[in-house]
**Student:** 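Handing you this structure, nothing more for now.
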Amino acid sequence: MRLSTAAAVVLLAGSTLLSAGLVASSADDTSADRRGGVAIDSPLRDLAKRVDLKIGTAVDHDAFTNDTTYRERIATEFSSITAENVMKWGLVEPVRGQLDFTAADELVAAARRNNQGIRGHTLVWHNQLPMWLTDGVASGAITPAELRTILRQHIIDEVSHFRGKLYQWDVVNEVIDDNANLRDTIWLQNLGPGYIADAFRWAHQADPHVKLYLNDYNVEAGNPKSDAYFRLAQDLLKQGVPVDGFGAQGHLGVQFGFNTAAQVAANLKRFENLGLETSLTEVDVRMVMPSDTVKLQAQAQGYSVLMQGCLLARRCTSFTVWGYTDKYSWVPGFFTGQGAANLLDENFASKPGYQELQAVLALAGRR
């Protein structure tokens, strides 16, 4: 199906990007397209299914538990979910030796009831670590040798717990910094660069069937950082390390402009040429507040170029947004004065970015 997908997206990329007004008009037409496809106003998961793509969202567990509208929209709109926080080490093992998968298990069970895939996020990161771990390393109470044992046990425990239930795991997250060097973290300082290969080997040992990913931001197109990841992937594969995929997070900002769909596709394709699959894993497009029509139209373009780039690649298997409604977005709490990064607003009304994804997927799905 990828050949027809690519041809359709080339047609879209070659024309003027659909404006918010034009997309909204198309979304009002509830009939199927003229070639017998799914109606353009269908849920994203129905449109994405026609191009063999999982489309997902990060899920805030508290909102999922307490907000019926939020929970129901996830079930109808998406074919994949990622736990936004509750699979991260700091929440899974806040007390050493006491594992708590309760919240994560709830999300996994709901996803399985809704026939949704689940991405695991994340096994090795430098943030959101349990305090007992960071304090122990800082004080010297946890030696490098013990830290390696602890990391191995964490990966084995968590991957084993979800064995057979997930289709992808972000194994190592953000291990290269913005200067294209290995990030100076607790892991690199104490274990050396070999911890990256070890993490993949341990995860594969715990679940040989789940796809294991490198994952980072600002690597959507070719640049020094994505070049560094390409070299890292080459090196790991030469060592026989079981790396299966490369994840480009896709955190964009309207104020910075965007790469083209062709640039995104070319970058993904070079990783695919190594034998990896690829995914867009944490897509959102923030803006300096307040929002306005021009910013929202620009935001739609940001979402569109990433989706087009994914569809133009041969092995881009999933496209995940990092939250789908501004009501629960992480952006305002992290980027001062910025927000409105998601596909739906605070009242769950669709924005031009959502309508643009509908249009891209509907066009790509035409046979």
**Student:** To the nearest 0.5 Å, how far apart are OG in Ser318 and CD in Glu277?
**Tutor:**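 Ser318 atom OG to Glu277 atom CD measures 7.5 Å (nearest 0.5 Å).
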
**Student:** Tell me whether the centres of the aromatic rings in Tyr195 and Trp202 are closer together than 6.0 Å.
**Tutor:**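 Centroid distance Tyr195-Trp202: not below 6.0 Å, so no.
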
**Student:** First locate atom CZ of Phe230, then atom CG of Leu214, and finally report the distance between them rounded to the nearest 0.5 Å.
**Tutor:**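 Rounded to the nearest 0.5 Å, the CZ-CG separation comes out at 12.5 Å.
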
**Student:** Measure the spacing between OG of Ser160 and CD1 of Ile155 and express it to the nearest 0.5 Å.
**Tutor:**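 Ser160 OG to Ile155 CD1: 11.0 Å, rounded to 0.5 Å.
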
**Student:** Would a hydrophobic clustering, with Ile, Leu, Val, Met, Phe, Trp and Tyr connected at side-chain separations under 4.5 Å, put Leu147 with Leu182?
**Tutor:**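 Yes, Leu147 connects to Leu182 through the hydrophobic network.
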
**Student:** Are Trp330 and His251 close enough that their ring centres sit under 6.0 Å apart?
**Tutor:**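 Trp330 vs His251: aromatic centres under 6.0 Å.
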
**Student:** Could you check whether any side-chain heavy atom of Arg50 comes within less than 4.5 Å of a side-chain heavy atom of Leu361, counting everything from C-beta outward?
**Tutor:**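 Result no, sub-4.5 Å side-chain heavy-atom pair not found.
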
**Student:** Determine, using ring centers only, whether Phe162 and Phe101 are less than 6.0 Å apart.
**Tutor:**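 Yes: the rings meet the under 6.0 Å criterion.
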
**Student:** Any idea how Trp89 and Trp187 line up, ring-wise: parallel (<30°), tilted (30 to 60°), or perpendicular (>60°)?
**Tutor:**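 Rings of Trp89 and Trp187: parallel, under 30°.
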
**Student:** Evaluate the side-chain proximity of Gln308 to Val264: yes if any heavy-atom separation is below 4.5 Å, no if none is.
**Tutor:**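 No - every pair of side-chain heavy atoms lies 4.5 Å or more apart.
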
**Student:** Which label fits Tyr324 and Tyr70: parallel for a plane angle under 30°, tilted from 30 to 60°, or perpendicular past 60°?
**Tutor:**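 Geometry flag for Tyr70 against Tyr324: parallel rings.
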
**Student:** Is there a side-chain contact between Asp105 and His161 (heavy atoms, below 4.5 Å)?
**Tutor:**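 A side-chain contact under 4.5 Å exists here.
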
**Student:** Between Arg183 and Tyr229, is NZ or CZ placed under 6.0 angstrom from the six-membered ring centre and within 45° of the ring axis?
**Tutor:**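 Because its charged atom misses either the 6.0 Å distance or the 45° angle limit, Arg183 does not stack over Tyr229.
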
**Student:** Would you say the ring centroid of Tyr213 lies under 6.0 angstrom from that of Phe246?
**Tutor:**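 Aromatic pair excluded; centres sit 6.0 Å or further apart.
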
**Student:** With a 4.5 Å heavy-atom cut-off, do Tyr328 and Glu346 have their side chains touching?
**Tutor:**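 A side-chain contact under 4.5 Å is absent here.
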
**Student:** Does one side chain, of Asn85 or Gln128, offer a donor that lies under 3.5 Å from an acceptor on the other?
**Tutor:**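 Their side chains do contain a donor-acceptor pair, which is all the 3.5 Å distance test asks for.
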
**Student:** Closest approach of His154 and Leu123, non-hydrogen atoms and distance?
**Tutor:**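 His154 and Leu123 have their closest heavy atoms at NE2-O, 3.2 Å.
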
**Student:** Can you confirm whether Glu356 sits close enough to Ser304 that some side-chain heavy atom of one is under 4.5 Å from a side-chain heavy atom of the other?
**Tutor:**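 With C-beta onward as the side chain, the pair touches.
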
**Student:** Is it true that Glu146 and Arg96 have a side-chain N and a carboxylate O under 4.0 angstrom from each other?
**Tutor:**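 Yes, Glu146 and Arg96 are salt-bridged.
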
**Student:** As an exercise, state the distance from OG of Ser350 to CD of Glu77, rounded to the nearest 0.5 Å.
**Tutor:**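 One gets 9.0 Å once the value is rounded to the nearest 0.5 Å.
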
**Student:** Report the distance from atom CG of Leu212 to atom CG of Asp207, rounding to the nearest 0.5 Å.
**Tutor:**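 It is 8.0 Å, given to the nearest 0.5 Å.
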
**Student:** Flag the pair Arg152 and Asp198 as a salt bridge only when some basic side-chain nitrogen lies within less than 4.0 angstrom of an acidic carboxylate oxygen.
**Tutor:**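 The answer is no: the pair does not qualify as a salt bridge.
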
**Student:** Salt bridge check: are Lys327 and Asp345 linked by an N-O gap of less than 4.0 Å?
**Tutor:**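 Answer for the salt bridge query: no.
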
**Student:** What's the spacing between Asn173 CG and Asn215 CG if we round to 0.5 Å?
**Tutor:**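 Here the interatomic distance stands at 5.0 Å.
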
**Student:** Would a 4.5 Å heavy-atom cut-off, applied to side chains only, mark His209 and Tyr167 as touching?
**Tutor:**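 With C-beta onward as the side chain, the pair stays apart.
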
**Student:** Can a salt bridge be assigned to the pair Asp227 and Arg270 using a cut-off of 4.0 Å between side-chain N and carboxylate O?
**Tutor:**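 So Asp227 pairs with Arg270 through a salt bridge.
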
**Student:** Looking only at heavy atoms, which two atoms of Gly339 and Pro332 are closest? And how far apart?
**Tutor:**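 Smallest interatomic distance, heavy atoms only, reads CA-CG, 4.2 Å.
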
**Student:** Is the closest side-chain donor-acceptor distance between Gln249 and Glu220 under 3.5 Å?
**Tutor:**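 The criterion, which ignores hydrogens and geometry beyond distance, is not satisfied for Glu220 and Gln249.
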
**Student:** Do Tyr303 and Phe348 belong together in a cluster built from hydrophobic side chains that touch within less than 4.5 Å?
**Tutor:**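 In one cluster with Tyr303: Phe348, yes.
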
**Student:** Taking Leu252 as the starting point, is it possible to reach Phe335 by hopping between hydrophobic residues whose side chains are less than 4.5 Å apart?
**Tutor:**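 Each belongs to a different hydrophobic cluster.
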
**Student:** Using a strict cut-off of less than 4.0 Å between a Lys/Arg side-chain nitrogen and an Asp/Glu carboxylate oxygen, indicate whether Asp326 and Lys351 qualify as a salt bridge.
**Tutor:**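 Yes, charged N to carboxylate O under 4.0 Å.
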
**Student:** Quickly, which of Thr317, Thr320, Leu53, Asp170 forms a side-chain contact (heavy atoms from CB on, under 4.5 Å) with Ser279? Name it, please.
**Tutor:**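 In the set Thr317, Thr320, Leu53, Asp170, the residue that makes a side-chain contact (heavy atoms from CB on, under 4.5 Å) with Ser279 is Thr317.
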
**Student:** Which residue in the set Leu306, Leu280, Leu311 passes side-chain contact (heavy atoms from CB on, under 4.5 Å) when paired with Cys316?
**Tutor:**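 Of Leu306, Leu280, Leu311, side-chain contact (heavy atoms from CB on, under 4.5 Å) with Cys316 is met by Leu280 alone.
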
**Student:** Kindly give the heavy-atom pair with the smallest separation between Pro193 and Leu188, and that separation in Å.
**Tutor:**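 Residues Pro193 and Leu188, closest heavy atoms: N-CD1, 3.6 Å.
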
**Student:** Under 4.5 Å between any side-chain heavy atoms of Phe334 and Val331, yes or no?
**Tutor:**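 When only atoms from C-beta onward are counted, Val331 and Phe334 do not touch, as no gap falls below 4.5 Å.
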
